[in-house]
Amino acid sequence: MNFSSDNASGASDKVLAAIAAANAGIAMPYGVDPWTAAAEKALCDLFERDCAVFLVPTGTAANALALACLAPPWGAIFCHENAHVVNDECGAPEFYTDGAKLIGLPGERGKIAPDTLARALRAYPRGLVKQVQPAALSLTQATESGTLYALDELKELAGLAHAAGVGVHMDGARFANALVWLGASPAEMTWKAGVDVLSFGASKNGTLCCEAVIFFDKARAADFAYRRKRAGHTLSKGRFLGAQVTAYLAGGHWLELARHANAQAARLAQGLAAIPRVRLPFACQANEVFAIVSRKAETALKAAGAGYYDWGARGLADADALRPDEVFIRLVASFATREEEVDQFVASVRSHT
Ligand SMILES: *Cc1c(COP(=O)(O)O)cnc(C)c1O
């Protein structure tokens, strides 16, 4: 039973096979190869737009380098206070922007509310020399609490940002999971809602080590190739990145993988919700389940070797505050999660609650 993270799973067999197939013969290095060109075209087709696409090996590189194209060193980057960019990237966004300031905003269930953003924008007026200047808004979809911004919510937040001259970045580490849950098209969940730059996550959902940075406004991408190379994130054997993305997207494979992960998370959420005294403070809207369980059940789960994270009290509203005999845990399902693991986990919580 392992629900520690979706990147605890390996890569999809189809992606691995594509990497092996790309091994044959000679190809030009540094992304000037047919596999990379095919991946770029596939992403432009998918997003129904002529985009600037760059492949990178990690999500941290995608986020930090994308933000560096939106924010100058004296810029302010607004994000949720629990966002990966501000908590889990060891200062990479600050480093690659040459010092921009990340400003974490509070918000229930992992989401920034429009009022909160509007207040933050007012608190950093343009032209006030003693303060960093509003430059970027980074939204995580699905959020760090496993919830989603609806399309209207994305539009409203992006509208506020654009009205203040602020670019909009989406951290889509779990883009596929969010997309299949909303039933939206990739275009609808991004540029049609006002997103300027997307970190298109894929590693958590089945590639070996490949994500894409997608600029919907190509003018914003002018410096990206230099920034990526300078950061040491331009792979010489770029064909292996291209091969991963092409296989990941082909025939809707990525959507199948995400549907499976989401279905397992939904099964887990339903099973846990049916147990008296277990509480699920956040709606399960993608592939993550957040549960408040008894300490007794948690001890038994640990003894059984189950993998998951103790989430402290991160993101919990006052109404959901933990009692001393409770633990708040995060459970993530992946494309490789098996139904038996889910059922065994639920049964274990049930029998110890
Ligand atoms: C996993 C994750 C990333 C990317 O992390 P890497 O380990 O650098 O690939 C980015 N954002 C979010 C929200 C994530 O969960």
Side-chain angles (χ1 to χ4, degrees), residues 2-11 15 54-68 70 77-96 102 104-105 107 109-112 136-149 154 168-179 181 189-190 195 197-214 228 231-233 235 241 244-245 248 254 257-258 261-262 265 282 284-290 307-309 311 314-315 330-336:
N2 199 305
F3 302 100
S4 57
S5 184
D6 25 12
N7 50 16
S9 299
V15 169
F54 301 90
L55 306 184
V56 290
T58 73
T60 297
N63 285 341
L65 294 171
L67 290 170
L70 295 183
I77 299 169
F78 301 100
C79 61
H80 191 276
E81 63 188 359
N82 293 331
H84 199 273
V85 286
V86 70
N87 284 319
D88 303 301
E89 300 187 352
C90 198
E94 293 89 334
F95 182 66
Y96 285 125
L102 273 84
L105 304 177
R109 296 170 172 81
K111 291 162 66 172
I112 300 170
L137 168 67
S138 180
L139 299 171
T140 313
Q141 180 84 323
T143 71
E144 279 78 6
S145 294
T147 54
L148 297 180
Y149 289 101
L154 289 175
V168 180
H169 165 252
M170 178 179 278
D171 177 351
R174 298 191 173 90
F175 188 86
N177 305 97
L179 192 78
W181 183 280
M189 203 169 83
T190 56
V195 174
V197 190
L198 169 68
S199 296
F200 180 78
S203 298
K204 286 195 166 98
N205 190 43
T207 60
L208 178 66
C209 56
C210 189
E211 324 259 321
V213 179
I214 303 175
R228 182 178 58 174
H233 284 298
L235 262 68
L241 293 185
Q244 290 179 61
V245 171
Y248 178 69
W254 66 303
L257 296 171
N262 288 7
F282 310 148
C284 168
Q285 296 185 312
N287 62 324
E288 296 181 277
V289 179
F290 292 80
Y308 54 84
Y309 280 107
W311 215 239
R314 239 177 291 173
R330 184 191 77 160
L331 306 162
V332 189
S334 81
F335 69 88

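Atoms within each ligand, like the ligands themselves, are counted from 1 in listed order.
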>> Checking F175 against F200 for the ring-ring contact (aromatic ring centres under 6.0 Å, His included) test, could you report, in this order, the C-alpha distance in whole Å, the side-chain angles of both residues, the deciding distance, and whether it holds?
In response: CA-CA 6 Å; F175 188 86; F200 180 78; 5.5 Å; yes
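- Checked against salt bridge (charged side-chain N to carboxylate O under 4.0 Å, His left out), D171 has no partners two or more places apart in sequence or in another chain.
- Proximity of L198 to V213: side-chain heavy atoms (C-beta onward) are nowhere separated by under 4.5 Å.
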Could you check ligand 1 for N or O atoms lying under 3.5 Å from protein N or O atoms and list the pairs with distances?
residue, atom, partner, partner atom, Å
ligand 1, 8 (O), G59, N, 3.4
ligand 1, 8 (O), T60, N, 2.8
ligand 1, 8 (O), T60, OG1, 2.5
ligand 1, 9 (O), G59, N, 2.9
ligand 1, 11 (N), D171, OD1, 3.2
ligand 1, 11 (N), D171, OD2, 2.6
ligand 1, 15 (O), R174, NH1, 3.3
ligand 1, 15 (O), K204, NZ, 2.6

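- The side-chain hydrogen bond (donor to acceptor under 3.5 Å, both in side chains) test applied to Q244 returns no partner, not counting sequence neighbours.
- Partners of E81 according to the side-chain hydrogen bond (donor to acceptor under 3.5 Å, both in side chains) rule, which considers only residues two or more places apart in sequence or in another chain, do not exist here.
- Using a 4.5 Å cut-off on side-chain heavy atoms (C-beta onward), E211 and P57 make no contact.
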